[in-house]
Every structure is written in structure tokens, then in C-alpha cells.
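First the structure, in the form of C-alpha cells, and then the observations on it.
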Amino acid sequence: MKQTTWMLTCLGMLAFSADALSLSPEQERLNRVQAVQQKYPDIKFEDYVYGALAFSPDAKAQYENMMAFPPFESEIDKGRQLWETPFNNGKRYADCFPGGGRNVAGNYPYYDEAMKKVVTFEMALNQCRANNGEAPYKQADMNTMGLLTAYARTLSDGMLMNIKVKGSGALAAFESGRRFFYQRRGQLNFSCASCHVDHVGEILRTEYLSMLPGQATHWPAFRGGDYALFTLQRRYSACNQLVRAVPMEIGGEEYNNLEYFHSYLSNGLPLKSSVFRK
Amino acid sequence: MGKPLAIVTAVSLGLLLAATFISSARAAEAPKPEPTGQELAFDNRKGNCLACHAMPGEPKTVTNTNIAPPLIGMAARFPDRRKLYGQIWDATRANPDTAMPPFGKNGILTDTEINKVVDYVYGL
Amino acid sequence: MNSCRIAIRLLVWSGLVMGVAGHGARAAESSSKPILSAEATEALARAESGVALAIAKKALWTTAASALAQAQEAAKQQDNAAVMKYAAVATEQASLGMAQVDGPLTSQH
């Protein structure tokens, strides 16, 4: 059965190889998942959410010890206060989302047909503020939007990523994100995929390179020795700078489309936000 | 409307930071000797070879990378020195999908620097 | 829509650049130093427009941005040789960045 699926995938790849861009989003996702499965048959699909940690039992054990009592818990608490404090009109963020904001983050980003653009969870939070007469947060500001999502996204922990790409507008946004992921950038000439597809699981200096599927499931993350808060798009910005490309705007169309593609490639994997990462 | 402004602001901020960095770098520049081939190969702002290549014959490396072929027996692997130079100058010529940065083409290293790296790597 | 946005960006950018250049010119007037050579002025203008195009194409490298900053700083110091040197780097790095985003995607095997 598994072999049949694999053969069909290969046939599909052949059929599409004339124009790689015409791969359907689901075909793209299956190809990337199956490539990781082939290279690392012992790593379970659901463990892809651990990224680089999935390749090192030692590092994963250390991570799990830390996550039992996260040293950045007080930061998540600050986010909870932001989330729970009512707006001036008495309403709350929870009133803007179905289920009071539980199990919603896995539906973002989605393509909004009326606005003709990708809407991220951060944009939805800002929309909620605007609808209640509050000024929007700057999406690059980790002390407001960053902290708010560090709590709000934990309300969706365990939800499976569930991104949908339907219709020509959605497909165009997905393709734009896809191009960004595979396009070489910066003086150092890397694409995101140069490392996270072509050399997945291999060691750069001393660090394993994480797999593309699962990468979008655990943001924001608290990173490094000082547990600096990084939303997914702040991470994009930092990656771009590392390869010596001037980053795009956090919350801008380019990164929103990239997040759309990136999140779709994590479909079916459980969310767990506000975790530690190196 | 906010977006172009934001981008321009970000870029000009970047320029400002770069300028600050440059002027402070200039002050420290004077007494520093020219880096050796090995220093260029190790420096993560320059060659950074050891980020991707193991160097089994080089006891000073502290990485355990396995991305690219180990740098060993290089003189035997590249009897033609120009070929090794060309590989460092632009590895995408030999392999369009390579992850190796085109150090010469993109101006990451100067010609002199590449030649020093080639000399160093040749001895491995 | 998109070209309109690019045009606005270019406009804002060139405004910024003119601001910087204007600042340099005023500094020159108030000092007795010689003004920037025609050659250096032209090299700087070429670097500035190259960087502006790379921004519009979402293809600017940090190395192009910092070389332009160095060239602009050198212009303020009326250092013709340094302006020429850094402006050339900025122009080249900007055009490499623009060529790069038109290049093939990786990992399509």
C-alpha cells in the first residue's frame, strides 16, 4: 500500500517535472513528507514538530526537562494578561474567535476571498483590536504582539494544522510563498530549501537542520540563552539577515504568503506554541 | 501606504547601523595583520568552510558537520589547482543545486582571499 | 496595483536619497574642502538607483545596503576615492541580488 503511494508520487513528480510550479499544494506536501520519511524512516511523522531535536535523543531529553518548568513561563503569563484584559468597550479577544479562541490557530493563515489576501493569526488579533476601537499592534513588536501570541496560540496546543488552499487567489498566494521558500537569496545564495529540504537532518557546524514539515507548528518560540521571543516571521527576518538579504517587512505580504505555504506544509501535525528552541 | 514607508525606514535604519559598524570597524582596522588561509577558512564571516565540511586532518576544528564532502586529500582530488579555485569561486557552475555559496562571484571573498584558502585547503 | 506600490517605494526612496545627498552638499558649502568630483557623484547616483531598484524587486542584499551607506558616508567626507570604491561595490552587489531572484529555484529534483 505504502509502496503504491510512493510509486504514484513518483509518477506524479514525472508528470509535473516539466513545470515544477504546477505541483498541487497537497502533492508538494506529500513529496516533502515522503522525502523525510525515506531519509529518516525511524523518525515518526508526529515527531517532525520537534524539528532539529527529532534527530538527537539527548537534545530532546534536555528540551523535555526544560519544558517541564519553562524558564520563560512569566513571559507567557504577561501574554495571558494581555489576552484577558478587556478592551475599553468591555469586550475581550476571546469574543472575537469561535470557542473563545480555543483551537483556532491551526486554521491560520487562511486566504480571504473578500480581501484577496492571506490573513495570519496576528492579523486576526489586530482585526479584533480594530473592531473594538483599539489601535493595532505592530506585528514586529515582541513586547505586545509577540507576547500576546505567546499566550493566545497556546490555547490551540494539540490542534492539528489545518490550512486550506482553494481557488485561484489562494493558489497564487501559496505559489508566491512557495517561490520565496525555494528562491536563493542574499550574498550567501541560500534558499530556505537549500538547508531544510536538500540537507535536512544533516549537521551545520554543530546543529541539525530541521525538516520543512512541522516547522510552522511551534511558534512563537523562546530562543537561545536569553530566551528571546521569536514569532515565526521574526525568524524569517533573522534567517534572511543570516544569508545577507535585507529582510522583508514582518506582517507584510511576502512573509504572509511564505507563512501560508510554510503552514500548509505542516498540515496534519499538532500545534504546540511557546516552546524553547536554540 | 504604511508599507513602503516601513520598508524604507527599515532600510535606512539598516544603513545607519551599517555605517556605525563600519566606522567602529575602521578604528580597529589599522594594526590587524592580514588573515591567513586557515583563518579565512574558519571565520564565519568569511570562508566558514567548517560549517559544512569536516576537516579530518585539522585538529583545530570543533564542528561535526556532514553536509559537504570532508576536506581531505585535496591535492589528489583536485590535481588541477584551477579547478579547486573555480569550485570556490562559483560552485553552482558544476552543480546548479549546490548549497555552497559562490564566494568569488558574489564577492564574499576577494581573489587574494580565495587563493589563500585554496593554498590552505590544498594542504589538507 | 503592484507597479503603483513599487513606484511609491521608488519615490520615497529617492526622496530619502536626495535628502542624504542634499545634506552632503550643504556640508560641502559650509566647508572649504573641494566638492565631490563629477565621476564620484555619478558613481554614487548609479549606486543609489541600483539599490532602489533592488529594493523594488525585493532583492536587496545587506552587503549592497552597507556599501551604499559607506559610499554616502565617504561623500560627506568628500573622499572621492572611497566614494568610487564603495559605490562600485554597492552597484555590483545590487545587480547580483536582482539577477539572483530571477534565477532558478532550488530543490526541484
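Residue numbers begin at 1 in each chain, while the letters A, B, ... track the order of the sequences. The structure displayed is predicted, hence computed values, not measured ones.
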ask   = Does NZ in A/K39 sit with more than 12 non-hydrogen atoms of other residues, nucleotides or ligands closer than 6.0 Å?
value =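 Above 12, so yes.
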message = Is it true that, when you exclude C/E39 itself, more than 12 heavy atoms of the residues, nucleotides or ligands shown sit nearer than 6.0 Å to its CD?
response = no
How far does [atom1] of [X] sit from [atom2] of [Y], to the nearest 0.5 angstrom?
X      : Y      : atom1 : atom2 : result
A/L188 : C/W61  : CG    : CH2   : 9.0 Å
C/L105 : A/R178 : CG    : CZ    : 7.0 Å
A/F181 : C/T106 : CZ    : OG1   : 8.5 Å
A/L212 : C/S107 : CG    : OG    : 9.5 Å

request  = Would you check if the side chain of A/Q187 reaches a backbone N or O of C/T62 as a donor-acceptor pair within less than 3.5 Å?
outcome  = no
key: Reference residue C/K58; test side chain to side chain contact (heavy atoms under 4.5 Å, CB included); the match among A/E254, A/Q183, A/E253   =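 For C/K58, the side chain to side chain contact (heavy atoms under 4.5 Å, CB included) check succeeds only for A/E254.
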key: Proximity breakdown for A/N189 and chain C, heavy-atom pairs closer than 4.5 Å   =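 Its backbone and side chain both get close to chain C.
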